Amino acid sequence: MASVVEALRRVKHDPARVLTDAVIEGACRRCGHVWRERILGPVATVHAMVVQALHGNAPIGEVVRLHYASFSGGAFCRARGRLPLEVLLMLFHEQHRWALAMAEGERAESALWNGHRTWQMDSTGFSMPDT
């Protein structure tokens, strides 16, 4: 039986299991976002943001460490700034529809995930210290 902890561990280790490159690039194209291929393109930036959130809103230095210092903290901040909010909203809504479809496939009469009720949360209004 799958557990939430195990599922989160897998996503923390490899966010591309849930948000594939094609899904992220498709959302960027639908929003009209144009980008250059670079270390922190939209795909790598979104994946780093997912890892940051799943590690308890980790500080930027921790995100850099988790990605083996393949980019700097400043580069990550600039990459997040280049990514339109509409792309993130579109990805959020796509993942929500995907989760609902999964739940309906398992039990059509109620939205359950592995037999558990689920809630959708938006943590954009949540604040934590950087340390």
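For clarity, every value in this text was computed on a predicted model and none was experimentally measured.
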Query raised in the report: Within the side chain of Thr20, is there an N or O that forms a donor-acceptor pair under 3.5 Å with the backbone of Ala16?
Result: no

Query - Closest non-hydrogen atom pair, Leu91 against Ile24 - result: CD2-CA, 4.0 Å

Query raised in the report: Once you round to the nearest 0.5 Å, how far does CZ of Arg80 lie from CD1 of Ile60?
Result: 4.5 Å

Report summary line: Correct closest heavy-atom pair for His33 and Arg82 would be CE1-O, 3.3 Å

Report task. Please lay out, stage by stage, how Asp21 and His47 fare under the test side-chain contact (heavy atoms from CB on, under 4.5 Å). Result -> CA-CA 9 Å; Asp21 296 7; His47 287 164; 3.6 Å; yes

Query - Leu19 with Trp35, same ILVMFWY side-chain cluster at under 4.5 Å - result: no

Requested in this report: Verify the neighbour count for atom CG of Leu89: are there more than 12 heavy atoms of other residues, nucleotides or ligands below 6.0 Å?
Outcome: yes

Report summary line: Shortest non-hydrogen pair, Gly73 vs Val64, comes out as N-CG2, 3.6 Å

Report task. Give me the ring orientation class for His96 and Phe92: parallel if the planes are under 30° apart, tilted from 30 to 60°, perpendicular past 60°. Result -> parallel

Report task. Would you kindly confirm whether Val50 and Val87 end up in one hydrophobic cluster when ILVMFWY residues are joined by side chain heavy atoms under 4.5 Å apart? Result -> yes

Report task. Answer yes if Val18 and Val51 sit in the same cluster of Ile, Leu, Val, Met, Phe, Trp and Tyr residues linked by side chain heavy atoms under 4.5 Å apart, and no otherwise. Result -> no

Requested in this report: Calculate, to the nearest 0.5 Å, the distance between atoms CZ and OG1 belonging to Arg38 and Thr45 respectively.
Outcome: 9.0 Å

Report task. Return yes if some donor-acceptor pair links the side-chain N/O of Arg30 with the main-chain N/O of Gly26 below 3.5 Å, else return no. Result -> yes

Query raised in the report: Where do Pro42 and Leu83 come nearest, in terms of heavy atoms and distance?
Result: CB-CD1, 3.9 Å

Query - Nearest heavy-atom neighbours spanning Pro59 and Gln52 - result: C-NE2, 4.4 Å

